[in-house]
Chemist: 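After the C-alpha cells below, expect a handful of questions from me.
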Amino acid sequence: NNVKGYRAWLQYSKIEDKRMDEEYRSWFSAIGVAGDTSITNSAIKELSDGIESMLDVAPTVNVDSLQTASIILGTYQDIWIEDYGMSPELFGDLNNEGYVLKTTPNDNGEKKILLIGKTDKGILYATYHLLRLIQSRKPIHSLDIVDAPKNQFRMMNQWDNIDGTIERGYSGKSIFYYENDFSEDLERIKDYARLLSSTGLNAISINNVNVWDVETNLISKQYLPKVERVANIFRAYGITLFLSINYASPIALGNLDTADPLDEKVRAWWKKKVEEIYQYIPDFGGFIVKADSENRPGPFSYDRDHADGANVLAEALKPFNGILIWRCFVYNNLQDWRDRSTDRARAAYDNFKPIDGQFLDNVILQIKNGPMDFQVREPVSPLLGALKKTNQLLELQVAQEYTGQQKDVCYLIPQWKEILDFDTYAKGEGTKIKNIAGGTTYNNSNSGIAAVSNIGNDINWTGNTLAQANLYGFGRLTWNPDLTTEEITRDWIHLTFGHDPLVVENIEYILLNSWKTYENYTVPLGIGWMVNPGHHYGPNIDGYEYSAWGTYHFADRDGIGVDRTVETGTGYTSQYFPPNVEWYNSLDSCPDELLLFFHHVPYTHVLKSGETVIQHIYNTHFKGVEEVEDFIYKWDKLVGSIDNRIFENVKERLYLQLKNATDWRDKINTYFYRKSGISDNKNRTIY
Ligand code: GCW
C-alpha cells in the first residue's frame, strides 16, 4: 500500500522543510496515553505511524504515565485536566464525539499538546485533526481548538452485492465481498475504515439496499460471524455497522407465510432475529430498508403503510438501542408518459407527509436530496423539513451515477453546499437543510447525513483519483456543514498532493469548476435525465422519454419542460413552504437553473440571463466542451510535479471526458436544432 493513490489523503509524506521538521519533531519524543480501548489504540497507532512516516522518529508510547510525555491523549475523565488549566465544564456542553486539542503548560510550566476527548471517539478525531495540521504544515505550538460534529449520524452506504459487484460502482469490485462470501483482505477494509474515520464519519451499512437472495442471509448464522469480523474492524475506528435487510426475510429465512408487519408471528420472528444479531455484535447499528421501492417487497403487499412497516423492525431493535433507517425513495415506476397528473417528483412527500408522527423514535427516514434521483441539478426535496415529528436523514450520492461515473471529473461539494444551505422556510426564514439534518430544527433524537459510497477495489479506491475529493469532502462537510467549499478543497489538495503552488492552483481550478462544466455539456436548466437508460452514462435524449419511470422532458417542436405549477401543472410546487412555493411556481421568479424542472416553456422564452432557452442550450454545450479542453490543458501542466501514476490516471479519464462532452454537445444541439428549427445565432457547427 505504498502506492500514492491508495494512501489517498493519508499520505503522511516526509516533511522536507528542515526548520518545520525540527519544530514538529521537538514535540514527538514521547506520547502519553490514558485508557486502553480499541478506539484509543487506533488513535495511538495512527499517530505513531503518521509521525514516523512524516518525521522519521518513532515516539515512545507510555500508557498511563503521562509525566514525561509532551503529547497526551485521553478522555476528560481519565486525564486530570485541571492540572492543565481546563475545567470539566467545557466538556459538559460537548457532545460525545467532541474533543479539545490544546497546547498548554502543566503545573510545572512544561508545554504539552493535549488531545482530550469527551469519549474515546473524540480522542481519535483529535488525533486526525493534529495529523491534518502537520500534513498541512500548520503550526502546533499554540493550539486552542474545541470541536464536535454537527450531525449525529455521518454515514456511508455501500451498494455492494455479495457476488462482489457494486450497484452503481465505478471503481472496480467490492472490497467487502468476493464470489458470494466475505473477502479475506481485512487489511483493505481496515484502510477504508481509516479513511472514513479520518474525515469524521461514524456509521456504515455494508450491503446494497437492494437485498437480493444470497444477501438476505447476511443476518443468518451462515454469515453473522463474518459480519461480526467486519464490525470489529470498523468499531476500532468509531464506526458503527448497519446492514440492509430484505423486507421479506420472515418468509425467505423464517419460513413464515407472510411478512405482514402487523402479524404476531412476524413481530416475534424479527425480535428473535434481532436478539441473535446482537449476540454477535453488541453495538450493532441497526437496519436500513428499501421497501416498496423499485419492485422490492414491503408493507404495501399487506395493505399496511410505511409506518407499520418500519415500526415492527424498530420495536425489535429498540431494546438494544438499534436504529431503523427507512428510505423514502418510493414512487410509481409503472407510469404512462401520457398521464400528466402523476408526477414522480411528488412521490416521497405524498407517501410520507401524511404519516408524519406515526413512526417510533428510533426510526429515521432517509430522504434523497432531490425529489427525483441524484441528477446533476434538482431542487431540494420538499419532504426535507416537512416532516415535523419524524427523524430524518439526508441522503446524498458520492458515487457519480448521473454525474460522470468517475470517468468525468465532477466535484460535488459545491452541489452539497447549495443543498445544505437551502432555506426551506419550514420554521420561518433560516430553516436550512443543514439545520434539519443536524436535528436542531425539530429537536430530533436521531438525524444526520448519509451517502452512497464511491469506492471499490481499484488501487486508488475511486477510479478517477480526483473522485477521492468527493469522499473526503463528504466526511468533512458532514462533520461540519459550515466549512466552506474552499477550505475543504484546499485541505484535500494539500493532504493528497502537497504544497506546490501550481499543483494546488490547477487542481483547485478543475475541481471548483467541474460541476458547472458537467452541467453545461449535459442536461440544461434542471430538466435532468436524457441519459442512456440502464447504465446512465452518455447522452440519449429520448432514452427515458417514453418509459415507465416517470422521467420526462416533454420536448416537442414548440417547447420543453415539465409543468409542475399549481395552476396548470402537477402541483408539485405546492409541496414547498412559502415563499418557496411562489418562487418556483412563478415563471418570473423561478431561477434559470431549475426553469425546466418547474415549467414548460417555448424555446424562445427569454431567461434571466438574457438568452433564449434554445440559445442557452447551444451556448452551454459548446462551452462545456471548451471547459474540458481547458481542464486538460491545466492538468498537463502538472506532469512531473505530481505522482506519475495519478497523473496518468486522471489524464486518461480527462480524455474520456472530452469524448463524452463532445458526444453530449453534438447530440443535444442537433436534437434541439431539429426539434425547434431555430439556428444558433453564432453559426457554430451543429451536426
Ligand atoms: O436510481 C436508482 C439507482 C438504483 C438504486 C436506486 C435507489 C440501489 O439507479 O441503482 O438502487 O436509485 O436509490 O434505491
Side-chain angles (χ1 to χ4, degrees), residues 155-171 173-174 176-177 204-216 218 242-248 287-298 300 306 309-310 325-335 344-345 347-348 351-352 364-378 381 383-384 392-406 412 449-456 474 522-523 528-538 540 543-544 547-552:
M155 184 172 200
M156 199 44 86
N157 294 159
Q158 301 300 136
W159 282 1
D160 298 34
N161 300 314
I162 202 164
D163 65 3
T165 60
I166 302 174
E167 182 151 351
R168 312 307 174 186
Y170 310 106
S171 345
K173 291 280 180 78
S174 172
F176 291 91
Y177 312 104
I204 187 167
S205 58
I206 59 164
N207 64 305
N208 189 358
V209 290
N210 287 322
V211 183
W212 310 114
D213 287 351
V214 186
E215 289 84 350
T216 300
L218 282 173
F242 288 69
L243 289 172
S244 302
I245 55 115
N246 176 350
Y247 202 77
F287 297 142
I288 171 162
V289 190
K290 171 174 178 177
D292 290 315
S293 164
E294 300 187 328
N295 311 316
R296 302 310 299 148
F300 284 178
H306 289 282
I325 300 173
W326 191 267
R327 294 178 83 238
C328 295
F329 187 59
V330 177
Y331 64 97
N332 176 358
N333 62 357
L334 294 171
Q335 216 185 301
R344 171 162 165 186
N351 275 296
F352 288 91
I364 317 183
L365 296 187
Q366 183 164 312
I367 306 167
K368 287 193 184 185
N369 64 267
M372 297 297 272
D373 193 9
F374 301 133
Q375 299 301 291
V376 64
R377 172 85 64 176
E378 281 187 55
S381 169
L383 187 59
L384 290 158
Q392 45 206 299
L393 201 60
L394 166 67
E395 178 177 333
L396 301 171
Q397 195 182 40
V398 187
Q400 291 172 237
E401 177 177 358
Y402 294 96
T403 49
Q405 306 201 346
Q406 290 147 241
L412 292 166
I449 308 180
V452 183
S453 176
N454 67 347
I455 68 110
F474 170 70
T522 57
V523 280
W529 307 99
M530 299 193 182
V531 289
N532 281 307
H535 62 75
H536 301 163
Y537 189 77
N540 188 336
Y544 275 116
S547 74
W549 297 93
T551 46
Y552 314 117

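Note that ligands are numbered from 1 as they come in the structure, with each ligand's atoms numbered from 1 the same way.
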Chemist: Do any nitrogen or oxygen atoms of N210 come within less than 3.5 Å of a nitrogen or oxygen of ligand 1?
Modeler: yes

Chemist: Is the shortest N/O to N/O distance between R168 and ligand 1 below 3.5 Å?
Modeler: yes

Chemist: Are any non-hydrogen side-chain atoms of N207 and N161 less than 4.5 angstrom apart?
Modeler: no

Chemist: Which is it for E167 and N210 under the side chain to side chain donor-acceptor pair (under 3.5 Å) test, yes or no, and what are the steps along the way?
Modeler: CA-CA 9 Å; E167 182 151 351; N210 287 322; 3.0 Å; yes

Chemist: So which bit of W159 gets within less than 4.0 Å of ligand 1, heavy atoms only: side chain, backbone, both or neither?
Modeler: side chain

Chemist: Which distance, rounded to the nearest 0.5 Å, do you find between the CH2 of W549 and the CZ of R344?
Modeler: 7.5 Å

Chemist: Examine the proximity of ligand 1 to N208 and report which part, side chain or backbone, both or neither, has a heavy atom under 4.0 Å away.
Modeler: side chain

Chemist: Could you check which of E401, K290, E294, K368 puts a non-hydrogen atom nearest to atom 13 (O) of ligand 1?
Modeler: K368

Chemist: For residues W529 and Y402, establish whether the separation of their ring centroids is below 6.0 Å.
Modeler: yes

Chemist: Given Q366, E395, E167, Q397, identify the one with the heavy atom nearest to atom 11 (O) of ligand 1.
Modeler: E167

Chemist: Step through it carefully: locate the ring centre of H536, locate the ring centre of F374, and say whether they are under 6.0 Å apart.
Modeler: no

Chemist: If the cut-off is 4.0 Å to any non-hydrogen atom of H536, which atoms of ligand 1 fall inside it?
Modeler: 9 (O)

Chemist: Have a look at Y177 and tell me which of I206, I166, V214 forms a side-chain contact (heavy atoms from CB on, under 4.5 Å) with it.
Modeler: I206

